Amino acid sequence: MVRSDVQIGSRSTQTVFVVESNRNLSWRQSKWLFLFLAGCIGIVSFYFASLGAWLVLPFTGLEILIIGGAIYAQSCCAHRKQIIRIDQSQIEVDEPPRRNALKIFPKAWSKVVQIHDNQGWYPSRLLIGSHGEFIEIGKYLIDDEREQLAHQLRCAIEGA
Amino acid sequence: MSTTTLTHDEAHDHGAPKGWRRWLFSTNHKDIGTLYLLFALIMLFVGGASAMLIRMELFQPGIQLLDPDLYNNLVTNHALIMIFGAVMPAAAGLANWMIPMMIGAPDMALPRMNNLSFWILPAAATMLLLSFVVPFFPGGGTQINTGWTIYPPLSVQVGMSMDFLIFAIHLLGISSVLASINIIVTLLNMRAPGMKMLKMPMFCWTWLVTAFLLILVVPVLAGGVTMLLFDRHFGTSFFDAAGGGDPVLFQHLFWFFGHPEVYILLLPSIGVLSHVIPAFSRKPLFGYNSMVGAMIAVATIGMVVWAHHQYTIGMSLGAVTYFMIGTILISIPVGLMIFNFIATMWRGAMTFETPMLFAVGIVLMFTFGGLSGVMLAVVPADMQYHDSMFVVAHFHYVLMPGAVFGLFAGVFYWLPKWTGHMYDEKLGKLFFWTNVIGFNITFFPQHFLGLAGMPRRIVDYNVMFTEFNVISSVGAMVFGLSHLLLLYIVIKTIRGGKKAESRAWEGAKGLEWELDSPPAFHTWTVAPQIK
Amino acid sequence: MSHTNKSKRPYLPSRPRALLASLPPLDRRMIVSSGLLLTGLLFHSQARAEYGLNFPEPAAGVAQEIYDIHMLTMGIATVLLIIVFAIVFYSLYFHRKSRGYHADQNFHTSWFGHWSWVIVPVMVLGVDLTIAGKADIVLKKVWDVPKEENIMDVKVTGHQWWWEFDYLDHNIKVESRYIPEEQSGDLYLREVDNPLVLPTGVKIRFLHTSADVLHAFWVPELAVKKDAIPGYITETWAELNREGIFRGQCAELCGTWHSRMPIVVESVSQDKFAAWVDGQKAIKVAAAAEASADKTWSMDELMTKGKTLYETKCAACHQVTGLGLPPAFPPLNGSVLTTGPIADHLNIVINGKEGTAMQPWGTLNDLEIAAIVTYERNAWDNKTGDVVQPADVKQAR
C-alpha cells in the first residue's frame with residue numbers, strides 16, 4: 001500500500017510517500033492469534049499429560065515455539081514500512097521501526113531505477129539512490145503498485 | 001536527473017530458475033503446489049496398487065497371493081499412503097496453488113517453510129517404503145501386521161520396520177504442521193485489502209479450519225508414537241499393562257488424532273465443492289455464513305468425539321453415552337452442509353461437466369456414507385458393526401466421495417487454470433462413470449459382508465462370504481484401473497489441448513479466474529478488486 | 001426372530017423391520033445373482049454356503065434389541081436417503097441449462113434462505129433425538145450386566161491365536177482352536193475343535209481378557225463384542241433363548257493368524273449342558289489320574305503325545321517346523337533353550353517369560369508338559385535324546 005502526501009511547511013514544500021506492506025492483523029491481533037492457538041494446544045496437551053501421556057508435552061511445546069516464530073516472522077514482514085520525504089534539495093528514506101535506517105540522498109544526483117525480469121520469473125524491483133548507493137523501495141508491493149510508485153517518485157524528483 | 005530501466009539479468013547474477021534446481025529450491029507457491037499434486041498422484045497409484053493386491057487376495061477364499069503378514073502390511077500401507085501420501089498432499093497442493101490466487105496474495109506467507117514442508121514428504125515416503133522393504137532382508141524382522149492404527153501390544157511385537165514407520169509418521173506430521181502454520185498465517189494476514197474474513201472464498205475457510213485441526217491433533221499423535229517407540233526400545237511401559245501402563249491409552253491418543261483427521265481429509269473437498277457447485281449451477285452458494293458456521297461446528301464437535309472408534313474397549317456407561325450423543329450430533333452441521341449444496345443446485349441452471357458430475361456424485365454418495373455413519377454412532381448397534389467389513393464399507397463411502405472425489409472435482413475444475421488447456425471433456429466423463437460405478441461395485445457389497453459376520457483385516461475367509469467378495473474384487477479392479485484414465489487425461493491436458501480462457505467456466509466466480517490461464521509465475525501484478 | 005422377546009418391547013417400530021425381514025431368502029438370492037450377472041461374471045462355487053444380507057437371526061435377548069435398533073436406524077437412514085435422492089434427481093432433471101432453465105439468483109435471499117440455517121438443524125436434531133432416545137434405552141440394557149447371584153461366569157481369554165474359555169462356576173476350562181481346512185471343509189475358519197457350550201435360559205456374564213495382544217470376541221447371534229485387552233477385564237452378558245450352533249470370529253486384528261480365530265457357541269438346553277459339564281469333569285479327572293500315575297513313559301509314547309500337543313498349543317507361534325517367527329516368536333529348532341539344560345527349558349514352559357508373548361503353561365498337567373518338552377528336545381534337528389518324565393515336571397514346579 002502506498003500513501004502519498006504533499007506537506008507544505010514553513011520553510012519548504014515536502015512530498016511524502018509512505019510505503020507499507022499489506023496486512024490484515026495488527027501486532028496486537030497477531031499476539032492474540034498466537035495466544036489463542038497456544039492456549040488450544042496447551043489445553044489438549046495438558047489433558048493428555050494428565051492421562052499419563054506426558055510425552056505429548058515436548059511435541060506441543062515445540063509446535064507452539066514454531067507457531068510463535070512463524071507468526072512473529074510474518075508479522076515483521078507485514079509491518080515493513082518506508083517513508084520517503086522529498087524536499088527541495090534532498091531525498092530522505094526512513095524505515096521507522098529501525099534506528100539508524102535513515103538514508104539521505106542529494107536530490108540532484110538521485111536516480112530511480114527499475115529492474116524488470118524479462119522472463120517473468122521474478123517480480124520487478126525499484127531502487128532509489130545516488131553515487132552507486134541504492135536502496136530498494138517497496139519490495140513487498142505488487143508489480144502494479146510498484147510501477148505507479150516509480151512513476152510518482154520520478155514526477156516528484158523531476159518536477160520540483 | 002535521469003531514470004534508467006535495467007533488465008533483470010544485467011543487475012543480478014542469478015537467472016531464471018531452471019532444471020531440478022527450480023523444483024528443489026522452489027519457494028514459489030505454484031511450483032510447490034505442482035510438486036504436492038505430483039507427489040499425491042504418484043502415491044495414489046502406489047496406494048491403489050496395494051488396495052488392488054488386497055482385493056485380489058480376497059477374490060477367493062484361501063490364501064493365494066499374499067502371506068498373512070504381507071497382506072496386513074499392505075492393509076497398513078494402503079491406509080497410510082492414501083491418507084498421508086495421497087489425500088493430504090493433494091489437498092495441500094490445491095491449497096498452495098489456489099489460496100494465494102484466491103485471496104490476492106503474491107505468494108504464501110513463509111515461502112521457505114513451504115519448500116521445507118513439501119520436501120519432507122519424499123523423505124517420509126522413503127521411510128515408509130523402507131518399513132515395507134526391510135522385512136524382506138535377513139534379520140529384518142516381521143512385517144507391520146497391525147493396520148494403520150498400530151495398536152500396542154501388537155505393534156510392540158513387530159520388528160524394526162515399526163521403527164521406520166514411527167519415524168515416517170513423525171516426518172509426515174512435521175510436514176503437515178509446517179504447511180498448516182503457513183496456511184493459517186497466509187490466510188489471516190495476507191488477504192487483499194478489503195477482503196474481510198467473511199468474504200474469503202469457501203475453499204480458504206475450509207483450509208483455515210483444516211489447518212487449525214492439524215496443529216491441534218498432530219503433536220498428540222507424535223507423542224503417542226514416540227511413547228510406542230520408548231516402550232519398544234527403552235524399557236518404558238506406557239502401554240504395557242504388566243508394567244503398570246495402559247494399552248488403551250494409545251487408542252485414545254491415536255483416535256484423538258484419527259477422528260479429526262477424517263475432517264482434515266474431508267473439509268478441503270467440501271471447500272472445492274463450494275466452488276464447483278455454484279459455478280455449474282450458475283448461482284451463488286446457498287448459505288455462505290451457515291457453511292462457515294457448520295464447518296466450525298463440525299471441527300469443534302469432531303475434536304471431542306474420538307472415542308466412538310473404541311466403543312468396545314469397555315468404557316463406562318456415562319462415557320459411551322456422551323460419545324454416542326456427540327457423534328450423532330455431528331449429523332446436524334454435516335446435514336446443513338449437504339443441504340446447502342442441494343439448495344445451491346436447486347433452481348440453478350445446471351450443466352454437467354466433469355467437476356460437476358463428481359460434485360453431484362459426492363452429494364449423493366457422501367449422504368449415504370454419512371447415514372451409515374449415524375448407524376455406526378449408535379453404541380448398541382456398533383457392538384455388531386465394530387471391526388466388521390461394514391465399517392470398511394462405511395469409511396470408504398465417506399472418504400472416497402468426501403475426500404477423493406472432491407479432489408478430483410477440484411483438479412478437473414482448476415486444471416484449465418493451471419495448464420492453460422482444457423481437458424478432454426469426453427474422457428473426463430468416461431473417467432467419472434467408470435470410477436463411480438467401479439467404486440460402488442467395490443464397496444456396496446461390503447456392507448452385507450460385515451452384517452453377515454466377516455471381520456475386517458482378515459486374509460482368508462469362509463466360503464459363506466465368497467459371493468460378495470467376488471463382486472467387490474471385480475469392482476475394485478475396474479475402480480483401480482480407471483485411474484489410469486485420470487493419469488492419461490492429466491498428461492494430455494498438460495501437453496496441449498484447447499486454449500483455456502481466463503474464466504475457463506461460464507459460471508466461475510472468484511479472484512483466481514481474473515488471472516490468465518496459466519497464470520504468470522508471479523501472480524497479482526495488478527491489485528485485485530474485491531467486490 | 002424371537003416372538004417372546006418382541007412382545008416385551010412396545011416401542012419397537014414394526015415397519016422398517018417388516019420391510020427388510022419380509023424379503024424371503026429366495027428374493028435375496030435373486031438380488032445377489034442379478035448383481036453377479038451385472039458384473040458379467042459367471043461364477044460357480046462348488047460350496048453353496050449360506051450368505052446373508054443382514055445380521056443372522058439373534059439368539060439372545062440383548063441381541064434381539066440390538067437387531068431392532070439396527071433395523072430402526074437403517075430404516076430411518078433409508079427413508080432420508082430416498083428423500084435426498086428424490087430432491088437431487090428432481091433438481092438434476094428440471095433445473096438444467098439445457099432445458100432452458102434460468103438460475104434463480106435470489107433463491108438464497110428468500111425467507112427460506114434466511115432461515116434455513118435454523119430449520120434444517122432443527123429437523124436433523126429431531127431425527128437425531130429419535131435415534132439417540134431409542135439407542136439410549138438399549139444401551140443401558142447392553143451395558144448394565146445383571147448383578148444377580150446365580151449368573152454364570154465365563155472368562156474368555158484371547159490368545160495368539162486361540163480362545164480359552166473358563167467356566168468359573170464349574171471349574172472347567174476349554175481351549176478352542178481352528179481346524180485346518182482338510183478336516184473342516186466348508187466350515188473352514190468358522191469351525192473349532194472344542195466349542196463354547198452354553199445353556200439356554202441362563203444369564204451368562206462374559207469376562208473378556210487377553211494373554212498377549214488385543215482380540216475381540218464376536219458372535220453375531222449373541223451380538224456382544226468386546227475387546228480382550230491384556231491387563232483389563234471387560235464384561236458383556238447374554239441370555240440365550242434358542243438352541244443352535246452360532247459361529248463368529250475374532251474381530252480385533254491380533255497378528256499373523258487373525259483370520260484363524262473362529263468362535264463356535266453351542267447353545268444347548270440346561271439338561272444337556274449339565275450332562276456336558278459332567279462329561280468334561282470326568283475327562284479332567286481321567287487325565288489327571290493318568291498324569292499323576294507313577295508310570296514311567298517311554299520315549300515313543302511321549303513323542304506321540306508331545307507332537308499332538310505341540311501342534312495344537314505351541315505351533316501357532318513357534319510353527320510346526322520349530323522355526324518360529326523371529327523376532328517375536330523365537331525358533332525352537334536348534335535353540336540354546338531346547339538343547340541346553342532341561343531345568344531351564346521346564347522353567348520357561350511352566351512359568352513363561354516375562355515381557356514376551358510366552359505365557360506360563362503351568363496350567364497344563366505334568367504329563368502334558370513332559371510330553372511337550374520331550375518332543376521339543378527331540379523333534380527336528382534337536383536330537384538330544386532327553387526323556388522328561390511327569391515326575392521331573394512335578395519336581396520343577
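This one's a predicted model, so the numbers in the text were calculated from it and none came from an experiment. We name chains A, B, ... by the order of the sequence lines, and we start the count at 1 in each one.
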Taking side chain as everything from C-beta outward and backbone as N, CA, C, O, which of these in [X] sits under 4.5 Å from a heavy atom of chain C? Side chain, backbone, both or neither.
| X | value |
| --- | --- |
| B:Thr149 | neither |
| B:Pro445 | neither |
| B:Phe286 | both |
| B:Met345 | both |
| B:Ile338 | neither |
| B:Met291 | neither |
| B:Ser281 | backbone |
| B:Leu70 | neither |
| B:Tyr288 | neither |
| B:Val360 | side chain |
| B:Phe368 | both |
| B:Ile325 | side chain |
| B:Met315 | backbone |
| B:Asp460 | both |

- Message: Taking B:Gly369's backbone N and O only, do any of them form a donor-acceptor pair with B:His394's side chain (distance below 3.5 Å, no angle check)?
- Response: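 Looks like yes, one N/O pair under 3.5 Å.
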
- Do B:Tyr397 and B:Asn440 have side-chain N/O donor and acceptor atoms under 3.5 Å apart?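 Per modelled atom types, B:Tyr397 and B:Asn440 side chains form a pair under 3.5 Å.
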
Close aromatic pair by centroid cut-off 6.0 Å: [X] and [Y]:
| X | Y | result |
| --- | --- | --- |
| B:His386 | B:Tyr311 | no |
| B:Tyr385 | C:Phe55 | yes |
| B:Phe339 | C:Phe112 | yes |

- Item | Contact list for residues 334-353 of chain B, test salt bridge (Lys or Arg N to Asp or Glu O under 4.0 Å), sequence neighbours left out |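 Qualifying pairs: B:Arg347-C:Asp104.
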
- Report yes or no: is the cationic atom of C:Lys226 (NZ for Lys, CZ for Arg) under 6.0 Å from the centre of the six-membered ring of C:Trp237, at an angle within 45° of the ring normal?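 The answer is no; the distance or angle limit is not met.
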
- Heavy-atom pair count under 4.5 Å with chain B, highest-scoring of C:Arg260, C:Gln160, C:Met123: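 With the most close heavy-atom pairs to chain B, the winner is C:Gln160.
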
- Query: Between B:Asn72, B:Val363, B:Val75, which shows the greatest number of heavy-atom pairs under 4.5 Å with chain C?
  - Reply: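 Max contact count across the listed options: B:Asn72.
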
- Item | Distance (rounded to the nearest 0.5 Å) between C:Ile179 CD1 and C:Tyr188 OH |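 Reported to 0.5 Å precision, the distance equals 11.5 Å.
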
- Pick one: which of B:Leu154, B:Asn73, B:Val459 meets side-chain contact (heavy atoms from CB on, under 4.5 Å) with B:Asn145?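 Among B:Leu154, B:Asn73, B:Val459, the one that satisfies the side-chain contact (heavy atoms from CB on, under 4.5 Å) with B:Asn145 is B:Leu154.
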
